[in-house]
Amino acid sequence: MATTTQQAALVETSKRLAAFQAVKDHLLPEYTRIGIGSGSTVVYVVEAISALGPAVTSRMAFYPTGSQSEELIEAAGLNLQYISKLPAGQQLDVAFDGADEVDDDLNLIKGGGACLWQEKIVAASAKRFVCVADFRKLSPRLGTAWKKGIPIEVLPMAAPRVLDELARMGSQNPRVRPGLPGKAGAIVTDNGMWMIDAPFAPLLLPKDVEDGSETGSGTNSVWTVDALADRLIKIPGVAEIGLFYGKNGLEVAAGAQKPVAAYF
Ligand code: 5RP
């Protein structure tokens, strides 16, 4: 039986292996515009990119998804650029980001670090989106492994109304995310918004509905990923949601699962 320390070390090893493998497979030397997501796994992505050395990286520009990845890019001495300055009609070659959970169809829950809005903009601006995830993040249905709820970025004045609507939709105990330890009140995102975390029963996939096996999935859910995402984004006051799925135009690059690492 692994101790807590051994388990934590295994997770870090898995993140690092996944990040180095993802960069090796998906950062082509001819690429010039790279999106850099947020979270602890992305720290290893930047480490792997830096390890390529200036001969490769000096020809590249790196686009952050918020203040955390902005600091990461700068600290690594990489060339920082902003998505707001990327001219219309142009795209990033690739964007790397982490996830809180990944389902069988490679739909993602993101936003555990409160950066989802800019993450989705950067991901949708890239020709290719590479999600780097350790073994804990994989589950058949979203909401199985990540139990804190779907992160939803909201206009603060709308938060009570959004909470009411989420409860009507069947979310169990949706709540405004508190500030970081030592900070009173709600967490405030890089965009001046609040976060709501909305737990739902694990979300169905089209195959569950098509073959009538939604009861067999054991989730008691009434929501597919697509249907829930379509409904959530229409609630007045919701700025963006932490469901990343096919309709966002994201290409998730599927790769082999390693014993202690998985990357997509
Ligand atoms: C932040 C995110 C992160 O990518 C997600 O929370 C995963 O973080 P970590 O790599 O630390 O597990 O979506 O908004």
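Both counts, for ligands and for their atoms, begin at 1 and track the order of listing.
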Assess the side chains of [X] and [Y]: does a donor N or O sit below 3.5 Å from an acceptor N or O?
X: S125; Y: Q91; result: no
X: N79; Y: Q81; result: yes
X: D230; Y: Y245; result: yes

| Heavy-atom contacts under 4.0 Å between P151 and ligand 1: side chain, backbone, both, or neither? | neither
| task | Check D97 against ligand 1 and report side chain, backbone, both or neither, counting heavy atoms closer than 4.0 Å. | result | side chain
| task | Check ligand 1 against G98 and write out every atom of the ligand that is under 4.0 Å from a heavy-atom position of the residue. | result | 4 (O)
| field | Non-hydrogen atom of K15 closer than 4.0 Å to ligand 1 | value | no
| query | Does at least one non-hydrogen atom of G37 fall below 4.0 angstrom from an atom of ligand 1? | reply | no
[atom]: the protein heavy-atom neighbour that sits closest, reported with distance to 0.1 Å:
atom: atom 5 (C) of ligand 1; answer: D100 OD1, 3.2 Å
atom: atom 8 (O) of ligand 1; answer: G39 CA, 3.9 Å
atom: atom 9 (P) of ligand 1; answer: S40 OG, 3.3 Å
atom: atom 10 (O) of ligand 1; answer: T41 OG1, 2.6 Å
atom: atom 12 (O) of ligand 1; answer: K137 NZ, 2.9 Å
atom: atom 3 (C) of ligand 1; answer: S38 O, 3.3 Å

Would you check the N or O atoms of [X], main chain and side chain alike, for any that come under 3.5 Å of an N or O of ligand 1?
X: C115; value: yes
X: E119; value: yes
X: G111; value: yes

| message | Working note: D93 + K127, criterion salt bridge (Lys or Arg N to Asp or Glu O under 4.0 Å); need CA distance, chi angles, decisive distance, verdict. | response | CA-CA 5 Å; D93 295 299; K127 292 178 196 158; 3.5 Å; yes
| request: Please state whether the rings of W223 and F200 are parallel, tilted or perpendicular, taking 30° and 60° as the class boundaries. | output: perpendicular
| said: Please give me the minimum heavy-atom distance between I196 and A159, naming the atom from each residue. | reply: CD1-O, 3.9 Å
| query | Less than 4.5 Å apart, any side-chain heavy atom of L108 and any of C131? | reply | yes
| Is there a side-chain contact between I235 and E165, using heavy atoms and a 4.5 Å cut-off? | yes
| task | Using the salt bridge (Lys or Arg N to Asp or Glu O under 4.0 Å) rule, take D100 and K110 through it: C-alpha gap first, then chi angles, then the decisive distance, then the call. | result | CA-CA 5 Å; D100 300 302; K110 287 187 51 54; over 6 Å; no
| request: Give the intermediate values and the outcome of salt bridge (Lys or Arg N to Asp or Glu O under 4.0 Å) for residues R177 and D197. | output: CA-CA 6 Å; R177 192 181 299 179; D197 293 299; 2.8 Å; yes
| Candidate with minimal heavy-atom separation from atom 7 (C) of ligand 1, of G112, A19, A99 | A99
